J.: 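Below: one structure in structure tokens.
These numbers come from a predicted model, not from an experiment. Note on naming: letters A, B, ... go to the chains in the order of the sequence lines (proteins, then strands), and numbering restarts at 1 for each one.
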Amino acid sequence: MEFAELIKTPRVDNVVLHRPFYPAVEGTLCLTGHHLILSSRQDNTEELWLLHSNIDAIDKRFVGSLGTIIIKCKDFRIIQLDIPGMEECLNIASSIEALSTLDSVTLMYPFFYRPMFEVIEDGWHSFLPEQEFELYSSATSEWRLSYINKEFTVCPSYPPTVIVPKSIDDEALRKVAAFRHGGRFPVLSYYHKKNGMVIMRSGQPLTGTNGRRCKEDEKLINATLRAGKRGYLIDTRSLNVAQQARAKGGGFEQEAHYPQWRRIHKSIERYHVLQESLIKLVEACNEQTHNMDRWLGKLEASNWLTHIKEILTTACLAAQCIDREGASVLIHGTEGTDSTLQVTSLAQIILEPRSRTIRGFEALIEREWLQAGHPFQQRCAQSAYCNSKQKWEAPVFLLFLDCVWQILRQFPCSFEFNEHFLIMLFEHAYASQFGTFLGNNESERCKLKLQQKTMSLWSWVNRPSELSKFTNPLFEANNLVIWPSVAPQSLQLWEGIFLRWSRSSKYLDEAYEEMVNIIEYNKELQAKVNILRRQLAELETEDGLRESP
Amino acid sequence: MAPKGPSQEPSSNSQSPAAAAPGYVENVRLVDRVSCKKAALGTLYLTATHVIFVENAPDTRKETWILHSQISTIEKQATTATGCPLLIRCKNFQIVQLVIPQERDCHDVYISLIRLARPVKYEELYCFSFNPKLDKEEREQGWLLIDLSEEYKRMGLPDNYWQLSDVNRDYRVCDSYPTELYVPKSATAHIIVGSSKFRSRRRFPALSYYCKESHASICRSSQPLSGFSARCLEDEQMLQAIRKANPESDFIYVVDTRPKLNAMANRAAGKGYENEDNYSNIKFQFIGIENIHVMRNSLQKMLEVCELKSPSMSDFLWGLENSGWLRHIKAIMDAGIFIAKAVSEEGASVLVHCSDGWDRTAQVCSVASLLLDPYYRTVKGFMVLIEKDWIAFGHKFNHRYGNLDGDPKEISPVIDQFIECVWQLMEQFPCAFEFNERFLIHIQHHVYSCQFGNFLCNSQKERRELKIQERTYSLWSHLWKNRADYLNPLFRADHSQTQGSLHLPTAPCNFTYKFWSGMYNRFEKGMQPRQSVTDYLMAVKEESQQLEEELEALEGRLEKIQKVHFNGTKVKDKQSEPSKHSGFSTSDNNTANTPQDYSGNMKSFPSRSPSQGDEDSALILTHDNLKSSDPDLSVNSDQESGVEDLSCRSPSGGEHAPSEDSGKDRDSDEAVFLTA
């Protein structure tokens with residue numbers, strides 16, 4: 001067994017665990033292939049179960065023969081283990097290091113996890129593209145499902161099934177794919193039923209420096225506009241960055257060749273800029289000793305909220321084009337797998353009431369992130385404590401969740417889910433017992449046979465017992481478009497994520513509980529009143545019957 | 001809050017205010033500073049008490065009211081082609097920009113407002129003409145609502161250790177202190193008078209808060225006139241008396257809320273701080289809260305940040321940091337926490353002072369009391385707290401808030417900071433306070449409004465001389481009458497957060513202090529959360545109450561019918577209409593909104609390639625067509641109080657018509673859809 005080789009010391013006694021807000025716990029530390037477990041000998045004390053894949057970095061230090069391992073997790077938690085014995089400590093540390101950085105995906109926990117719950121609905125089949133398409137097909141006949149990518153040959157990062165304009169055949173799509181970065185030809189992301197406008201997304205056009213054109217691409221993009229209609233091309237890069245991309249064979253659409261379209265450049269950061277922002281922010285949040293001004297300075301210097309503002313602003317702009325201007329939009333950056341998806345999915349949160357429900361939000365993540373080929377495995381390989389200067393990590397998905405939280409905060413009654421739901425998604429994107437966020441795209445997931453070999457996150461979440469934890473008690477269906485404020489005064493640090501481990505949430509949790517109680521009590525009363533009303537009505541009709549001859 | 005107000009008050013469908021106004025100017029434009037929508041055209045009226053802008057738009061005739069006493073600065077800006085701009089900044093953080101067509105009119109308005117905004121006699125203030133149509137008895141009752149002798153009784157006074165002193169009868173010892181004061185039993189008149197002579201402005205140590213369970217107390221005073229070496233036996237005896245009044249503890253804390261450097265500088269002027277060697281068993285402690293001048297500048301800097309037009313995140317955070325505002329808030333909180341801990345955890349008494357003992361001392365004593373005693377976290381208790389620590393102990397409201405024209409260097413947001421401290425606490429302890437954010441905002445408004453007599457003058461003595469209670473109305477009874485609007489739905493008297501002291505983390509958690517946009521940007525409604533959890537929950541609670549009543553009624557009827565059945569007779573019972581429970585549209589009404597300025601760079605976006613003509617110019621997203629349907633959310637004054645329109649956030653939103661703004665918006669939303 002491969003894991004056994006990595007575990008030199010599977011068990012150490014008298015280890016002391018330190019966590020913020022909890023008293024220190026002394027107990028036995030056990031290492032398994034996927035978990036670090038600490039259990040005290042007392043019956044009632046809580047145990048620590050930590051997935052190795054949740055470990056972002058470890059530090060070790062020694063005082064005499066007492067070793068200390070500081071474990072920094074991808075969910076930003078920091079715990080400390082005091083381990084007696086230098087050798088044990090070193091063994092444990094090297095095992096953790098090895099186990100938390102396994103190369104092979106198939107060695108990850110989801111392939112070993114055996115669920116202890118009853119599966120009511122298999123999450124792997126909860127959000128099939130065909131079902132999602134049906135929601136649109138009742139409203140429009142201008143779009144069709146294409147299976148052109150069923151072997152993942154046209155676009156390796158697209159799912160087998162995509163929605164494209166009806167008037168464009170698969171042959172043309174092939175040509176368009178050759179003209180777009182990563183083969184990501186424009187596909188339908190969202191259809192606005194209210195006015196028939198659409199959001200499409202793609203990779204950048206490969207115009208290069210000599211302004212290459214593609215007739216099929218122009219035809220496809222124009223085919224999405226009705227006669228006399230206009231559209232917006234939203235490039236998530238600044239004009240400067242987009243121009244530089246031409247040198248590498250990429251580029252942007254020349255408006256002359258897409259006469260019904262106007263191009264807008266926004267500037268959403270990518271990759272290491274975002275990663276560094278996260279590192280700085282988490283560092284600032286963990287440092288409790290500095291004074292007030294330094295805190296604000298560090299918050300500012302992290303630029304995290306600047307990124308939030310930029311992403312939200314772009315999403316609002318896209319939504320505004322659709323809903324207020326009556327114009328369709330095509331959104332892309334370079335690859336179309338990061339900032340593009342942030343914008344398309346947030347625009348839907350703003351425009352589409354369904355995506356503010358639990359089920360609808362899951363469908364959105366499935367559609368706009370998983371199937372759309374956001375490379376979760378690369379982006380979430382490391383979190384805020386990593387010191388490796390890898391190029392591919394970036395908190396793109398976390399920024400998206402943060403933006404959703406910002407909107408949720410401004411519209412606390414318009415979402416069916418609560419903050420815990422978003423936090424849960426963040427955790428599972430970085431470390432999970434479920435297979436949902438493994439791999440970088442559908443093609444990889446297919447090869448890994450995740451559907452057969454692992455459990456879907458949705459199978460677990462969509463059970464009444466879990467759903468109740470994630471349901472927002474204040475939710476009232478709101479069928480309107482919701483326009484968030486993007487003023488700096490309106491954007492806040494997401495304390496539920498970033499200060500989760502550095503301040504007690506006791507009083508806020510109590511407030512949440514109180515809120516639930518108020519609403520539950522109201523529902524109880526309503527139910528009681530309804531029963532009595534019915535009883536009375538029955539009695540009175542009985543009387544009526546008895547009286548009428 | 002139903003609008004009631006002065007008799008000359010116009011409303012949209014009655015006579016125009018011109019009748020009673022000294023003047024009006026037509027074709028004035030009110031510029032919306034937040035969104036870029038077109039300015040509203042209307043008429044500007046100047047009345048004896050208000051500036052009123054009435055929009056021409058016939059369907060709305062929306063009115064914007066500004067009390068003269070709220071005006072902080074008036075700025076005449078350079079004339080442009082469209083007219084002469086006038087910028088009015090208010091003390092409640094409203095900013096109004098008007099454009100007056102004629103330079104001459106603008107100048108007249110400017111000159112009038114300068115005069116009107118800076119009254120020289122108390123009699124000119126609004127409270128002397130404000131008539132809420134209450135009879136004399138109601139007015140007198142109103143002043144009785146908050147009674148400090150009741151409060152001292154509540155604290156368990158007098159008892160074996162503390163007694164009411166009449167030493168300050170007719171303000172003989174200290175003219176900025178109240179007449180009713182509690183001092184240690186062992187402090188004789190001789191000691192008190194002696195001590196008062198050794199304290200700035202004769203503000204001798206007197207009781208602010210008393211914990212009857214532990215006998216620990218919070219006393220307050222001004223700085224001692226110690227200079228470099230002066231001593232005063234009576235003052236030393238006074239502090240000893242305070243210590244002896246707490247038999248459980250063998251020392252007292254003396255907290256000087258100034259930065260050490262400031263306190264040392266005062267010694268050169270013959271003032272200073274207690275020398276630990278001269279006083280037996282004191283523990284002396286500095287807690288550096290800056291002086292009123294630093295605070296005034298800090299607020300000024302923060303407001304400049306709030307005023308920035310579409311600032312970047314960095315502009316905002318950098319500006320906020322630079323203003324130092326939250327650092328000052330934290331310093332005040334830290335002082336309050338220190339004192340509360342000394343009292344609750346060590347059972348020690350504390351003497352608090354700063355220089356004169358009427359600004360920082362008031363802030364710190366009231367924050368500590370609020371942390372210690374859940375009573376002060378109730379609606380009534382909070383009024384009592386302000387009455388005690390601020391009004392009675394001679395906080396100089398007139399000077400600090402510039403009610404009468406005076407020295408601008410005396411103005412400082414001292415009570416604003418205290419109010420913000422309370423809000424910061426509310427954010428951390430959401431279930432601990434009986435009142436909500438709106439309560440704090442309205443109190444802040446009225447500190448400046450001069451609509452009620454409570455906050456007039458600089459001391460109790462001055463207020464008595466002016467016969468405030470006979471000539472004006474009390475804010476407290478006004479707020480009390482409307483308390484349903486001010487309740488926190490999460491408050492429960494038996495909740496753990498409402499028991500005993502609030503325990504704050506000992507670690508210096510800076511990030512627990514946040515920018516209060518609900519106060520400093522409160523007139524920019526677009527920046528606030530669009531759905532109010534407070535209002536939603538209040539509506540749910542109200543409905544639950546109705547359901548409880550209905551349940552009882554139904555049970556009664558059921559019982560009756562079953563009895564009737566049993567008797568075999570039938571009584572026709574009038575079927576009561578089942579009440580409708582159609583959800584709480586509070587949230588929905590507030591939901592409809594419009595996009596904001598997401599397109600800061602759109603006007604100039606550089607995407608058109610030069611080869612292209614402008615055949616699609618019709619499509620350029622101008623600010624105008626992006627904003628065409630943005631409802632004016634910024635200024636809609638409640639005619640009585642000048643408080644912004646809160647009526648649409650009625651707690652029973654479920655039954656209310658949608659607010660004007662959202663209703664209007666939904667239509668325009670529809671219109672966009674139809675033309676699309």
J.: Nearest 0.5 angstrom please: A/K506 NZ to B/H503 NE2, how far?
T.: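 Nearest 0.5 Å value for the NZ-NE2 distance: 9.0 Å.
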
J.: Rounded to the nearest 0.5 Å, how far apart are NZ of B/K541 and CD1 of A/I519?
T.: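 The distance works out to 11.5 Å.
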
J.: So which of A/M197, A/E310, A/E300 has the biggest tally of heavy-atom pairs under 4.5 Å with chain B?
T.: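 Looking at each of A/M197, A/E310, A/E300 in turn, A/E300 comes out on top.
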
J.: In terms of heavy-atom proximity below 4.5 Å to chain A, should B/S312 be classed as side chain, backbone, both, or neither?
T.: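 Only the backbone of B/S312 comes within 4.5 Å of chain A.
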
J.: Taking every heavy-atom pair that is under 4.5 Å apart, which of A/A315, A/P412, A/A319 has the most such pairs with chain B?
T.: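 Ranked by heavy-atom pairs under 4.5 Å with chain B, first place is A/P412.
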
J.: Based on non-hydrogen pairs under 4.5 Å, which of A/M515, A/K523, A/Q489 is most in contact with chain B?
T.: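 Max contact count across the listed options: A/Q489.
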
J.: Counting only non-hydrogen atoms closer than 4.5 Å, does B/S544 touch chain A with its backbone (N, CA, C, O), its side chain (CB onward), both, or neither?
T.: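 Both the backbone and the side chain of B/S544 come within 4.5 Å of chain A.
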
J.: Taking all heavy atoms of A/P488 and all of B/P311, pick out the closest pair and write down the distance.
T.: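 So the minimum-distance heavy-atom pair works out to CG-O, 3.4 Å.
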
J.: Taking side chain to side chain contact (heavy atoms under 4.5 Å, CB included) as the test, write out the residues that go with B/Q497, two or more places apart.
T.: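 Here the qualifying residues are A/Y507, A/E510, B/F429, B/P430, B/C431, B/A432, B/H495.
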
J.: Is there a side-chain contact between B/F515 and A/Q492 (heavy atoms, below 4.5 Å)?
T.: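 They are not in contact (no side-chain heavy atoms under 4.5 Å apart), so the answer is no.
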
J.: For the residue pair B/M527 and A/S490, what are the closest heavy atoms and their distance?
T.: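 Looking at all heavy atoms of both residues, the shortest contact is O-OG, 2.9 Å.
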
J.: So for B/S496, is it side chain, backbone, both, or neither that comes closer than 4.5 Å to the heavy atoms of chain A?
T.: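 Side chain only.
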
J.: Is chain B contacted by the side chain of A/I308, its backbone, both, or neither, given a heavy-atom distance below 4.5 Å?
T.: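 Interface part for A/I308: neither.
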
J.: Of the listed residues (B/M313, B/Q528, B/R492), which shares the most heavy-atom pairs with chain A below a 4.5 Å separation?
T.: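 Maximum pair count with chain A is reached by B/M313.
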
J.: B/E550 and A/R533: salt bridge (Lys or Arg N to Asp or Glu O under 4.0 Å), yes or no, with the steps?
T.: CA-CA 10 Å; B/E550 192 185 345; A/R533 275 195 203 141; 2.9 Å; yes

J.: Is it the backbone or the side chain of A/N303 that comes under 4.5 Å from a heavy atom of chain B, or both, or neither?
T.: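 Looking at A/N303, just its side chain touches chain B.
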
J.: Tell me if the CD atom of B/E548 is crowded by more than 12 foreign heavy atoms within 6.0 Å.
T.: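 Counting neighbours around CD of B/E548, more than 12 heavy atoms of other residues, nucleotides or ligands fall under 6.0 Å, so yes.
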
J.: What distance separates B/W318 CH2 from A/L296 CG, expressed to the nearest 0.5 Å?
T.: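 The CH2 atom of B/W318 sits 12.5 Å away from the CG atom of A/L296.
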
J.: Could you tell me the separation between the CD atom of B/E427 and the CG atom of A/L508, rounded to the nearest 0.5 Å?
T.: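 The CG atom of A/L508 is 8.5 Å from CD of B/E427, to the nearest 0.5 Å.
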
J.: Can you check side chain to side chain contact (heavy atoms under 4.5 Å, CB included) on B/R530 and A/S485, steps first, answer last?
T.: CA-CA 9 Å; B/R530 303 324 155 66; A/S485 163; 3.3 Å; yes

J.: Identify which part of A/K528 has an atom lying under 4.5 Å from any heavy atom of chain B, answering side chain, backbone, both or neither.
T.: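 Contact with chain B is through both the backbone and side chain of A/K528.
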
J.: Show, in sequence, the C-alpha distance, side-chain angles and deciding distance for B/L317 and A/T306, and conclude whether the side chain to side chain contact (heavy atoms under 4.5 Å, CB included) test is met.
T.: CA-CA 10 Å; B/L317 287 175; A/T306 302; over 6 Å; no

J.: In sequence, state the C-alpha distance, the side-chain angles, and the governing distance for A/E476 and B/Q531, and then conclude on side chain to side chain contact (heavy atoms under 4.5 Å, CB included).
T.: CA-CA 11 Å; A/E476 286 212 313; B/Q531 294 172 322; over 6 Å; no

J.: Hey, could you give me each pair passing ring-ring contact (aromatic ring centres under 6.0 Å, His included) that has a residue in residues 541-560 of chain B? Not counting sequence neighbours.
T.: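 Those involving residues 541-560 of chain B do not exist here.
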
J.: Calculate, to the nearest 0.5 Å, the distance between atoms CG and CD belonging to B/L551 and A/Q526 respectively.
T.: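 Spacing of CG (B/L551) from CD (A/Q526) equals 11.5 Å.
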
J.: About how many Å separate CG of A/N522 and CD of B/Q545, when rounded to the nearest 0.5 Å?
T.: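 The distance works out to 12.0 Å.
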
J.: Nearest heavy-atom pair of A/A511 and B/L490: which atoms, and what distance?
T.: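 Shortest heavy-atom separation between A/A511 and B/L490 comes out as O-CD2, 3.8 Å.
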
